[in-house]
Amino acid sequence: MSFSSDVKAELSGSVSSARHCQIAELAAMISMVAYVRYWGQKPVALVIVTERSVIAHEIAVLIKRLFRYIPDSSVRRTGANSRIYKMEINDPEMVGNMLLTLKIENDHIVPGKNLCQNMKVSRLDLRHECCRRAYVKGVFMTSGSISDPNKGYHLEIVCENEGRAQFIQEIINDFGVVSRIIQRKKYSVVYLKDGEMIVEMLGIMGAHISLMNMENIRIKKDIRNKINRRVNCEAANLNKTVSAAVKQMIDINYIIETKGIEFLPEGLQELAVARLENEDATLKELGEMMNPPLGKSGVNHRLRKISEIAEEMRGY
């Protein structure tokens, strides 16, 4: 299973015991994956369609708890590992009762088809913070996905229109989570790409096990990145040290070949010989070889003086 499937499987087992939260969650899910059939101006059927069994099960559980009703259900295979789950409520009285209870508003009946797919959830369903959490859970369950945090951080909720995306974004942002909207073909997508914000979202929805799993992954990635940065930094410093040592030896050998070691002042001679005999030694180690010992800054100063003498001899 993918990380996204794991999150949804965890969420499906955490239906709130509060009726108002159940209403908010079911209203969210119905608004994302259902449509209403009309006869004239009267709603006569509610049709729910999803490709995930976990979503169909969650919706069926909520309908049974809230309305003591079991929808007509069917499953159609569309591929080797894919299915379409369909639930229908063909009782006009029950449909009307459900739309009224869920406070779902139908914006526009499609001409010639007598159905409405553009349904809006009323803010009356979301007066309490717990209900807003249930709403976010519902829209994510039906239309959301989250990438494997081992590969990257990305959570999104795909919406049929921009108005719905803006509504969802507003609810999410109420929790202090910064989400954005992007247009992808005919869909409006609410998305997050910040790992910390995605962790917050998992907490808002109640996916606490997935939250801990993602935090563990984030910690491991952070430690790995710090180690990589440190190794890269040490490698860069080592390359810098090696390059400096090579140049120092070239300068010392040039002075010896041109003027002889005696050309250097006595204090520089000792250091020049120590460098030639210990090409891998650090400045600290070279300083400890001197009599009396020198600190790193003293060694560095004398090596720079040797390089300056070599450059003067070259005519730079």
Look only at the side chain of [X] and the backbone of [Y], and say whether a donor-acceptor pair between them is shorter than 3.5 Å.
| X | Y | value |
| --- | --- | --- |
| K137 | L11 | yes |
| R77 | S82 | no |
| R275 | A281 | yes |
| T101 | M98 | no |
| D222 | R218 | no |
| Q22 | L62 | no |
| E270 | N291 | yes |
| N278 | A274 | yes |
| R132 | L126 | yes |
| E10 | I209 | yes |

Roughly how far apart are [X] [atom1] and [Y] [atom2], rounded to 0.5 Å?
| X | Y | atom1 | atom2 | answer |
| --- | --- | --- | --- | --- |
| L155 | D194 | CG | CG | 11.5 Å |
| Q248 | L271 | CD | CG | 8.0 Å |
| Y187 | I157 | OH | CD1 | 15.5 Å |
| E288 | K284 | CD | NZ | 6.0 Å |
| S143 | E160 | OG | CD | 8.0 Å |

* Asked: Do D251 and K247 meet the salt-bridge criterion of a basic N to acidic O distance under 4.0 Å?
  ->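 Answer for the salt bridge query: yes.
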* To do: Determine, for R314 against E311, whether the closest basic-nitrogen to carboxylate-oxygen distance falls under 4.0 angstrom.
  =>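 Between E311 and R314 there is no salt bridge, as every charged N stays at least 4.0 Å from the carboxylate O atoms.
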Less than 4.5 Å apart, any side-chain heavy atom of [X] and any of [Y]?
| X | Y | answer |
| --- | --- | --- |
| R37 | N90 | yes |
| R127 | H20 | no |
| E25 | S16 | no |
| L303 | L283 | yes |
| I256 | L276 | yes |
| M205 | M141 | no |
| Y85 | S73 | no |
| I171 | R123 | yes |

For [X] against [Y], the heavy-atom pair lying closest together:
| X | Y | result |
| --- | --- | --- |
| A24 | A134 | CB-CB, 4.2 Å |
| L102 | I23 | CD2-O, 3.7 Å |
| V7 | A207 | CG1-CB, 4.1 Å |
| P43 | V36 | CB-CG1, 3.6 Å |
| V44 | Y38 | CG2-C, 4.1 Å |
| V190 | C159 | CG2-SG, 4.3 Å |

With clusters defined by side-chain heavy atoms of hydrophobic residues (ILVMFWY) lying less than 4.5 Å apart, directly or transitively, does [Y] cluster with [X]?
| X | Y | result |
| --- | --- | --- |
| I182 | I146 | no |
| L202 | I217 | no |
| M32 | V189 | no |
| V33 | V158 | no |
| L66 | I70 | no |

* **Verdict with reasoning, I89 to I63, per side chain to side chain contact (heavy atoms under 4.5 Å, CB included)** => CA-CA 10 Å; I89 300 168; I63 291 175; 4.1 Å; yes
* To do: Show your working on side chain to side chain contact (heavy atoms under 4.5 Å, CB included) between N150 and F3 and close with a plain yes or no.
  => CA-CA 10 Å; N150 284 296; F3 184 75; over 6 Å; no
Tell me whether [X] at atom [atom1] has more than 12 heavy atoms from other residues, nucleotides or ligands lying less than 6.0 Å away.
| X | atom1 | answer |
| --- | --- | --- |
| E51 | CD | no |
| K103 | NZ | yes |
| K221 | NZ | yes |
| H301 | NE2 | no |

* Does F167 have any ring-ring contact (aromatic ring centres under 6.0 Å, His included) partners at least two apart in sequence or in another chain, and if so, which? ->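 Counting only residues at least two positions away or on another chain, F167 forms a ring-ring contact (aromatic ring centres under 6.0 Å, His included) with Y135.
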* M197 and Y153: side chain to side chain contact (heavy atoms under 4.5 Å, CB included), yes or no, with the steps? -> CA-CA 10 Å; M197 292 294 176; Y153 303 132; over 6 Å; no
* **Non-neighbouring partners of R52 that pass side chain to side chain contact (heavy atoms under 4.5 Å, CB included), sequence neighbours left out** =>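 Once residues adjacent in sequence are excluded, the partners of R52 under the side chain to side chain contact (heavy atoms under 4.5 Å, CB included) criterion are S5, K8, T50, V54, I55.
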* Test salt bridge (Lys or Arg N to Asp or Glu O under 4.0 Å) applied to R133 - qualifying residues, sequence neighbours left out ->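 Scan of R133 (salt bridge (Lys or Arg N to Asp or Glu O under 4.0 Å), adjacent residues dropped) gives E129.
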* Asked: Any chance the side chains of N173 and S179 put a donor and an acceptor closer than 3.5 Å?
  ->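 Looking only at side-chain atoms, S179 and N173 do form a donor-acceptor pair, the distance falling under 3.5 Å.
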* List the steps and the verdict of side chain to side chain contact (heavy atoms under 4.5 Å, CB included) for K86 and I48. => CA-CA 6 Å; K86 187 175 182 180; I48 301 154; over 6 Å; no
